[in-house]
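Below is one structure, written out as structure tokens; comments come after it.
None of the values given here were measured: they were computed from a predicted structure. Residues take their numbers from the sequence shown, with the count starting at 1.
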Amino acid sequence: MKKNICFLLLGACLVILALEVKSTYAKYLTTAEGKGNIAIARWKILVNNEDIRDIENEITPVFPGTEHINENVIAPTSIGYFDLVIDATEADVSIKYKIDITPNEESSVKDLKIIKYVIDDIETEITNESFSIENTVLHKDNNKIINLRVYIHWDDSENATMNNTEDTQATLTNNAKLNVKLHFTQLAN
């Protein structure tokens with residue numbers, strides 16, 4: 001019986017010893033999982049308070065009128081303007097914008113000319129028929145709204161392509177148009 005107790009104690013000691021050795025020399029393996037949230041840069045640019053991704057409104061020029069011409073109508077010698085307010089303050093990247101303004105082929109007034117534009121009070125005279133306005137806005141400078149005013153003139157000078165009869169005929173269609181195309185591009189590194 002004493003031998004049985006000794007064997008029992010010896011067996012218990014061996015079990016305890018085996019458990020100790022196992023925990024001492026065991027290899028541990030742990031798997032952990034997590035998520036990474038990465039903010040995506042915003043591409044939010046507004047032109048005249050409309051998101052460039054879905055602009056729906058047409059640009060409506062203003063014609064202040066003169067002593068001889070009513071306001072908000074166009075006639076030979078009229079000068080008017082339209083505004084483009086570019087707000088890229090919520091864009092998280094540097095941008096380049098390009099604005100192309102050309103005569104519309106379907107316009108009944110063939111003598112519409114862009115004569116100048118003003119960006120943030122800096123005036124630039126235009127001498128050619130169609131032109132582009134291009135500018136780069138670095139992300140660090142994306143903190144202000146860009147105010148652009150483009151001036152339109154119905155040329156009735158000696159250089160005009162339409163004669164008086166064609167000018168009069170143009171009033172029957174009420175179809176004076178320009179093409180205004182806005183291009184925005186993210187600048188790469």
Exercise. Take Asp111 and Asp156 through the side-chain contact (heavy atoms from CB on, under 4.5 Å) test and state the conclusion after the steps.
Key: CA-CA 7 Å; Asp111 289 327; Asp156 195 38; 6.0 Å; no
Quiz prompt | Value rounded to 0.5 Å, distance of CD1 in Ile114 from CD1 in Ile133 | solution = 8.5 Å
Quiz item: Val47, Val118: one ILVMFWY side-chain cluster at the under-4.5 Å cut-off?
Solution: no
Quiz prompt | Minimal non-hydrogen separation, Ala176 against Ser108, with atom names | solution = N-OG, 4.3 Å
Quiz item: So how far is it from Ile79 CD1 to Ile69 CD1, rounded to the nearest 0.5 Å?
Solution: 9.0 Å
Quiz prompt | Straight-line distance of Trp43 CH2 to Glu90 CD, nearest 0.5 Å | solution = 14.0 Å
Exercise. For Ser132 and Glu134, indicate whether the former's side chain and the latter's backbone hold a donor-acceptor pair under 3.5 Å.
Key: no
Quiz prompt | Closest heavy-atom pair and its distance - Thr161, Glu166 | solution = O-OE1, 3.7 Å
Exercise. Could you walk me through whether Ile115 and Ile152 pass the side-chain contact (heavy atoms from CB on, under 4.5 Å) test, one step at a time?
Key: CA-CA 6 Å; Ile115 56 172; Ile152 310 162; over 6 Å; no
Quiz prompt | Asn48 side chain vs Val85 backbone, donor-acceptor pair below 3.5 Å | solution = yes
Self-check item: Exam field: side chain Asp92 to backbone Arg42, donor-acceptor pair closer than 3.5 Å
Solution: yes
Quiz prompt | Heavy-atom pair of closest approach, residues Asn104 and Asn179 | solution = ND2-OD1, 2.7 Å
Quiz item: Could you state the interatomic distance from CG (Leu148) to OH (Tyr97), rounded to the nearest 0.5 Å?
Solution: 6.5 Å
Exercise. Report yes or no: does Ser94 contribute a side-chain atom to a donor-acceptor pair with the main-chain N or O of Leu138 at less than 3.5 Å?
Key: no
Practice problem: Can you see which heavy atom on Ala170 is nearest to which on Trp154, and at what distance? | Solution: CB-CH2, 4.3 Å
Quiz item: Under 3.5 Å, is there a donor-acceptor pair between the side chain of Asp100 and the main chain of Lys181?
Solution: no
Self-check item: Gap between atom CG of Asn135 and atom CG of Asp120 - 0.5 Å precision
Solution: 9.5 Å
Practice problem: State whether the side chain of Lys44 and the backbone N or O of Ile52 hold a donor-acceptor pair below 3.5 Å, judged by distance alone. | Solution: no
Exercise. Search all heavy atoms of Ile99 against all heavy atoms of Leu84 and return the closest pair with its distance.
Key: CD1-CD1, 3.9 Å
Quiz item: Of the non-hydrogen atoms in Tyr81 and Pro64, which two are nearest, and what is the gap between them?
Solution: CE2-CG, 4.2 Å
Practice problem: Determine, step by step, whether Ile74 and Leu112 satisfy the side-chain contact (heavy atoms from CB on, under 4.5 Å) criterion, reporting the C-alpha distance in whole Å, the side-chain angles of both residues, the deciding distance to 0.1 Å, and the verdict. | Solution: CA-CA 10 Å; Ile74 189 169; Leu112 287 178; 3.3 Å; yes
